[in-house]
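This report concerns only the one structure given below.
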Amino acid sequence: MIKVVIAEDDFRIAQIHEEFLAKNEQLTLVGKAMNAKETLTILDEQYVDLLLLDVYMPDQLGTELLHKIRSDYPSVDIIMITAAKDKAFLEKALRYGVEHYLIKPVTLEKFQEAITSYLQKKVMLDSAEEVNQQILDQFFGKEKKKAAEKRYDLPPGIDYLTLHKVTLILQEEKEGITSERVGEKMGASRTTARRYLEYLVGIKDATVEHVYGIVGRPERRYKIGSENAVK
């Protein structure tokens, strides 16, 4: 679970963002702060993955906290959610590696888009033992737009983040892998793994071939890529 803190001085807006967070099962709210001091206290007392940080708070600007957060809590990721439209705030946020910058009022669609992008990066980093150019392209380059387009055009039963995790497993297994092994690696059932693998074959992002095992029974082995796909 991704542990999230909301730093927002307007309790009504904080409540809206809390309701947005509740729609994603991968997120859990571990604290709410109404000012900068409370924000730092929460970060000091418990582990936090993601901070939703407002700029205008009563005791200190959220952007003035960025240096201390990066210095004292370097593992905390930050998404700014603010009414501040001053270009200087955005520039400072970018310099301190803020994940996203959202302007109030934030719609559910925009909120989910930012969270999904953040979770996608987390899945990528957590699943890969080392980076390669394909992963870097997904972060910074040509595949980012393609991935975003696919995210909103998936059939029922196919979740984008799970699909991405399966894709990363295939990228690591150059010689191919069975649905059973994919299920073990992703912590899911063989049936679930196979559903995602067959979807990737169907859209020609993966191939499948029959390989005879030790006992002579054929098994379906999946590989990343689109050449010579066999169903």
How close do [X] and [Y] get, counting heavy atoms only, and between which atoms?
X: K3; Y: V48; value: O-CG1, 3.7 Å
X: Y196; Y: G157; value: OH-O, 3.4 Å
X: A114; Y: H100; value: CB-CD2, 3.6 Å
X: I69; Y: V76; value: CG2-CB, 4.4 Å

- Quick one: do F111 and I81 satisfy side-chain contact (heavy atoms from CB on, under 4.5 Å)? Show the steps, please. CA-CA 9 Å; F111 187 91; I81 303 181; 4.0 Å; yes
- Message: Is it the case that atom NZ in K110 sees more than 12 heavy atoms from other parts of the structure closer than 6.0 Å?
- Response: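 No, because the 6.0 Å sphere around NZ of K110 holds 12 heavy atoms or fewer from other groups.
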Quiz: residues 83-96 side-chain donor-acceptor pairs under 3.5 angstrom, not counting sequence neighbours:
unit_1	atom_1	unit_2	atom_2	d
D86	OD1	A88	N	2.8
K92	NZ	T63	O	3.4
Y96	OH	H67	ND1	3.4

- Task: Hey, could you give me each pair passing side chain to side chain donor-acceptor pair (under 3.5 Å) that has a residue in residues 34-44? Not counting sequence neighbours.
- Result: none
- Item | Pairs flagged by side chain to side chain donor-acceptor pair (under 3.5 Å) wherever residues 71-80 is involved - sequence neighbours left out |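 Qualifying pairs: K68-D72, D77-Y118.
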Can you give each donor-acceptor pair under 3.5 Å made by side-chain atoms of residues 185-194, sequence neighbours left out, with the distance rounded to 0.1 Å?
unit_1	atom_1	unit_2	atom_2	d
K185	NZ	E173	OE2	3.4
S189	OG	T192	N	3.1
S189	OG	T192	OG1	3.0
R190	NE	S179	OG	3.3

Only distances under 3.5 Å count here; give the side-chain donor-acceptor pairs of residues 11-18 to other protein atoms, sequence neighbours excluded, each with its distance to 0.1 Å.
unit_1	atom_1	unit_2	atom_2	d
R12	NE	D10	OD1	3.2
R12	NH2	D10	OD2	3.2
Q15	NE2	E19	OE2	3.4
E18	OE1	K32	NZ	2.8

Residues two or more places apart in sequence or in another chain: which of them pass side-chain hydrogen bond (donor to acceptor under 3.5 Å, both in side chains) with [X]?
X: Y222; answer: E198, R220
X: R221; answer: E219
X: D9; answer: none
X: D59; answer: none

- Query: Who passes salt bridge (charged side-chain N to carboxylate O under 4.0 Å, His left out) against R181, sequence neighbours left out?
  - Reply: E184
- Query: Honestly curious: do V5 and I115 fall in one hydrophobic cluster under the side-chain, below-4.5 Å linking rule?
  - Reply: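 In one cluster with V5: I115, no.
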- Task: Report the distance from atom CG of L53 to atom CD1 of I6, rounding to the nearest 0.5 Å.
- Result: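 L53 CG to I6 CD1: 12.0 Å, rounded to 0.5 Å.
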- Euclidean distance, K165 NZ relative to D159 CG, rounded to 0.5 Å: 9.5 Å
- Message: Looking at K174 and Q171, would you say the former's side chain and the latter's main chain have a donor-acceptor pair under 3.5 Å?
- Response: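 The answer is yes, because a donor-acceptor pair under 3.5 Å joins these two groups.
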- Taking only residues two or more places apart in sequence, or in another chain, which ones meet Y101 in a ring pair (Phe, Tyr, Trp, His ring centres under 6.0 Å)? none
- Would you sort out whether M80 and V55 count as a side-chain contact (heavy atoms from CB on, under 4.5 Å), showing the intermediate values? CA-CA 7 Å; M80 305 293 294; V55 170; 3.4 Å; yes
